[in-house]
2 protein chains.
Amino acid sequence: MEPPPKSVLARGLSLLDAFGTADTDLTLARLSARTGLPKPTAHRLVAELVAGGWLERTEGGYRLGMKLFVLGQGVPRQRGLREAALPYLEDLYEATHENVHLTVFDPPDTLFLEKVTGRRSTPIVSRVGGRLPAHCTASGKVFLALGPPSYLRDVVDGGLARLTPRTITMPGLLRQDLDRTLERGYGLNREESEPGVVAVAAPVHDHHRRVIAAVSIAGRAHRLDLARLAPAVKTAALSLSREMAARG
Amino acid sequence: MEPPPKSVLARGLSLLDAFGTADTDLTLARLSARTGLPKPTAHRLVAELVAGGWLERTEGGYRLGMKLFVLGQGVPRQRGLREAALPYLEDLYEATHENVHLTVFDPPDTLFLEKVTGRRSTPIVSRVGGRLPAHCTASGKVFLALGPPSYLRDVVDGGLARLTPRTITMPGLLRQDLDRTLERGYGLNREESEPGVVAVAAPVHDHHRRVIAAVSIAGRAHRLDLARLAPAVKTAALSLSREMAARG
DNA sequence: GCGGGCGTTTCACTGAGCGGAACGGTGCCC
DNA sequence: GGGCACCGTTCCGCTCAGTGAAACGCCCGC
């Protein structure tokens, strides 16, 4: 039970926020509990959200409405990147038949904007719209290594969560890994986010060389030769950078 | 300038709704004009939306925030369908290298949930999260032909907009086309939404045979042999139906 | 038949929200 | 360079939208 905000708008939006990644349907009682709003208040606000199409009523609960999906697809920061990136991501997929990602940094996480995958790819946890802590993903290391120092500081201050036995949880070791990332120009993830899964990632720059996204390939440890794949990933990211620059 | 809602929550949300498909950045003044909210009110509400991450400030404007994209990806009605459908859509893409769609009916429109495409595909207007009037899409005809009669009635009552010279705008002709759609078990679009572009669509059912989505292929008129493709599209839709039924 | 969960309705109080008015900055055009 | 138009922003006293404790009817499992 969170301390509820006092403005009506923030309260109403907290009801949308209450839907976590794992939730599909939530009952009024649960929404009330999660947001800390009194039941009658939650009831009134939820009714308004349903009327607007932001939530949908189901038997015995509420779920996020289609309007949110549609609106979300219009978010400029992802839309431009996704549209420009898709052809390049598909090229990488064709060449490897493994999971190809487009990611951005949404501190302190790596946020997955797009995932090109198929039956032959290693099944992994990543999901479009999903997140993983930056310090244990190949993309995240690219952001931390090439971005401003404050990125790394904030991530370290927030604590380096251990997801697998190989996750780097010591700030010193992470810093070393980032130094090598900077030298090489690409980031690696050796079973640090998921056992048996490795990844390579390369940075996408905007027209003033700031890192705005990353392209990565992830798959089973023994199926991917990371050093051999790295140039291809870097090339794809570079082409995308050029295209983003051209688009402004 | 719309008549502004009087509840705070609805007013705040109308600010998000004000971002149309074509807009990326909107100024405060424009937001105020579109929603009909007085400038100071819009200013206050927008500030709250920014604080919550729903909007982002840019130099000289506001844009939709990443939170909306992330939340939108969690919308259950699209998430389950998309995840289950992707492998089948990719199979169709591999076989044809043309635009493969997953759609739902969002009256009075066909709403595109997923689009698998590539460099070799005919470039067409469809976009994930985008819409086209149901009466001029192959998927839409599937929804109108197999769904409850009220679907068709409401669409006809709303008026059959003409998008191309071949768009069916007469209710009687549309009804005939839907009868044939019902017989065949698949819907066709012969340059009715976009000149030179044709499509085939087949229905996806839930565990109680209600139509919940459609799978379609669209491309240049002379490149696609619709009658020959139809069985493949139907098969993919059927497999997806079975999978959706299995998932509950 | 009883208890505990649910969603829903009521209603008198009150402070959150309102928006007209006024302010400072910026860029365009006589 | 001065006037003008439009921008975002701040102020502040009035008031009605929003509040939430209390109570209700319902459905279930015990």
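Below, each value reflects all heavy atoms present in this structure, side chains not excepted, and no hydrogens, waters or symmetry copies. Below, chains carry the letters A, B, ... as their sequence lines are ordered, and counting in each starts from 1.
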Student: Reading nucleotides 3-19 of chain C 5' to 3', which nucleotides get B (base under 4.0 Å from a protein heavy atom), which S (sugar-phosphate only), which -?
Tutor: ---SBBB-------SBB

Student: Is the backbone of B:Asp109 close enough, under 3.5 Å, to the side chain of B:Asp106 for a donor and an acceptor to pair up by distance?
Tutor: no

Student: Relative to B:Tyr88, does B:Arg242 satisfy both conditions: NZ or CZ under 6.0 angstrom from the six-membered ring centre, and within 45 degrees of the ring's axis?
Tutor: no

Student: With a 4.0 Å cut-off on N to O distance, would you call B:Asp23 and B:Arg34 a salt bridge?
Tutor: yes

Student: Send over the distance from A:Glu59 CD to D:dC27 P, rounded to a whole Å.
Tutor: 15 Å

Student: Can you pull out how bent the helix from C:dG7-D:dC24 to C:dC30-D:dG1 is, comparing the axes over its first five and last five pairs, to 10°?
Tutor: 50°

Student: State the CG-CG distance between B:Leu37 and B:Leu31, to the nearest 0.5 angstrom.
Tutor: 9.0 Å

Student: Looking at B:Arg119 and A:Glu90, is there a salt bridge between them, counting it only when a charged N and a carboxylate O are closer than 4.0 Å?
Tutor: no

Student: Ion pair present between B:Arg82 and B:Glu114, side-chain N to carboxylate O less than 4.0 angstrom?
Tutor: yes

Student: Please round to the nearest 0.5 Å and tell me the distance separating atom CG of A:Leu49 and atom CD of A:Glu56.
Tutor: 12.0 Å

Student: With ring pair (Phe, Tyr, Trp, His ring centres under 6.0 Å) as the criterion, how do A:Phe143 and A:Tyr151 come out once you've worked through the C-alpha distance, each side chain's angles and the decisive distance to 0.1 Å?
Tutor: CA-CA 8 Å; A:Phe143 300 134; A:Tyr151 283 3; 8.1 Å; no

